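Given the structure is predicted, the values throughout are model-derived calculations rather than measurements.
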Amino acid sequence: MKSNSSESNKSSTSESSKSKGGLSPEAEFSGKLTFKDYLIATEQKANKPLPFWRLLVPLALQTGLIMAVPTQALYTDVAGKTVILQSAPVDPDDVRQNYALNLDYNISRISTLRRLPGWEELLRQNRGRNRQLAQGTNLYVTLQERESYGRGVPRAWRLVRVSGRRPTNLANDRVALKGVYRDGFVNYGVERYYIPDEQRERISRDISRALESREGRRQPIAVKVKVDPQGNAVPISLWVGDRNYRF
């Protein structure tokens with residue numbers, strides 16, 4: 001009798017324990033959680049405000065990308081060395097009709113660069129199709145200052161050599177300008193000048209006046225640029241006739 005009673009008590013105790021929480025917390029929670037509860041919890045999580053750093057990091061990255069170009073230009077302007085380049089003549093009608101002045105430098109033309117010392121080596125190291133320079137080739141043009149007389153338009157710097165690597169230990173009167181070869185021309189980053197509205201008509205008049213004084217011959221334009229120690233350049237000003245325009 002005692003044995004049967006004991007077994008009965010154990011059985012009832014076991015069943016009672018199961019009904020009062022014998023299940024694991026995960027099983028008990030999943031049994032009580034409804035789909036509606038899941039939707040409410042998901043909505044609350046979605047509406048929870050993001051931590052401050054989650055907003056700050058993307059903003060900092062975007063700001064860095066926006067400021068990268070002006071910062072580079074500012075560094076070049078401050079740390080760079082003044083160099084005078086010569087651009088090909090400009091048609092005054094192009095100035096009247098366009099918002100930008102496209103400058104065509106003699107150092108941008110392969111016909112000019114192939115006459116310089118170092119060209120054959122550069123071509124051998126960066127040969128593309130049909131014995132042409134490979135697209136995207138980086139190169140450096142070494143320029144030497146020439147003495148200017150008086151306060152007129154300064155003289156363009158003289159071409160010395162071209163190379164695939166940035167020259168080091170240059171003399172004080174020399175500088176290495178970095179360019180990239182694409183589609184038959186070398187781009188130095190100083191080929192385009194956006195003309196303010198208030199300057200467009202004046203520049204056009206000055207170019208026309210220079211043509212008249214030269215009996216219809218277009219006059220080259222001298223451009224002042226700053227070149228930093230890495231060879232990057234930014235335009236500073238240009239001369240149309242004897243008038244100087246700042247960028």
Side-chain angles (χ1 to χ4, degrees), residues 59 61-109 112 141 143 145-146 148-159 175-247:
L59 180 61
L61 291 175
Q62 293 177 8
T63 303
L65 292 175
I66 294 173
M67 293 298 295
V69 174
T71 300
Q72 174 62 49
L74 179 61
Y75 166 75
T76 303
D77 189 12
V78 173
K81 193 169 187 177
T82 300
V83 175
I84 305 300
L85 303 178
Q86 180 174 299
S87 169
V90 176
D91 189 337
D93 292 334
D94 291 340
V95 180
R96 296 189 187 98
Q97 299 171 5
N98 300 305
Y99 287 94
L101 186 63
N102 295 312
L103 301 172
D104 178 18
Y105 299 96
N106 58 343
I107 59 174
S108 299
R109 301 175 181 178
T112 300
V141 175
L143 303 163
E145 184 178 10
R146 294 197 298 176
S148 297
Y149 304 98
R151 296 184 178 181
V153 179
R155 301 176 68 190
W157 286 36
R158 184 174 63 88
L159 299 174
V175 98
L177 180 62
K178 181 181 179 180
V180 181
Y181 173 75
R182 293 192 185 281
D183 300 325
F185 293 92
V186 179
N187 189 297
Y188 299 93
V190 291
E191 286 78 13
R192 197 169 179 83
Y193 168 45
Y194 292 93
I195 308 172
D197 289 337
E198 63 272 14
Q199 290 185 346
R200 183 177 295 110
E201 187 60 34
R202 181 182 296 176
I203 291 177
S204 178
R205 282 201 310 268
D206 287 344
I207 294 176
S208 298
R209 189 178 298 113
L211 290 176
E212 294 173 1
S213 63
R214 297 264 179 166
E215 298 179 354
R217 292 180 300 170
R218 296 180 183 174
Q219 185 178 7
I221 292 178
V223 182
K224 179 192 290 187
V225 303
K226 283 287 191 74
V227 183
D228 69 16
Q230 287 71 45
N232 303 304
V234 294
I236 302 299
S237 67
L238 58 82
W239 280 264
V240 179
D242 57 356
R243 192 191 299 272
N244 182 247
Y245 291 90
R246 290 192 59 83
F247 288 85

Taking the side chain as everything from C-beta on, heavy atoms only, tell me whether [X] gets closer than 4.5 Å to [Y].
X    : Y    : answer
L177 : V83  : no
T82  : K226 : yes
R109 : D104 : yes
I236 : V225 : no
L238 : L101 : yes
R202 : R243 : yes

Can you list the steps and then say if W239 with I84 is a side-chain contact (heavy atoms from CB on, under 4.5 Å)? CA-CA 10 Å; W239 280 264; I84 305 300; 4.3 Å; yes
Any donor and acceptor pair, going by atom type alone, linking the side chain of T112 with main-chain N or O of N106 inside 3.5 Å? yes
Calculate, to the nearest 0.5 Å, the distance between atoms [atom1] and [atom2] belonging to [X] and [Y] respectively.
X    : Y    : atom1 : atom2 : answer
E201 : D206 : CD    : CG    : 10.0 Å
R158 : R146 : CZ    : CZ    : 8.0 Å
L103 : I221 : CG    : CD1   : 6.0 Å

Report all side-chain donor-acceptor pairs from residues 185-193 shorter than 3.5 Å, counting only partners two or more places apart or in another chain.
| from | atom 1 | to | atom 2 | distance (Å) |
| --- | --- | --- | --- | --- |
| N187 | OD1 | G189 | N | 2.8 |
| Y188 | OH | I107 | O | 2.8 |
| E191 | OE1 | Y188 | N | 3.4 |
| E191 | OE1 | G189 | N | 2.9 |
| E191 | OE2 | Y188 | N | 2.6 |
| R192 | NE | Y194 | OH | 3.2 |
| R192 | NH1 | N102 | OD1 | 2.5 |
| Y193 | OH | Q199 | OE1 | 2.6 |

Identify the heavy atoms of V227 and A233 that sit nearest to each other, and give their distance. CG2-CB, 4.1 Å
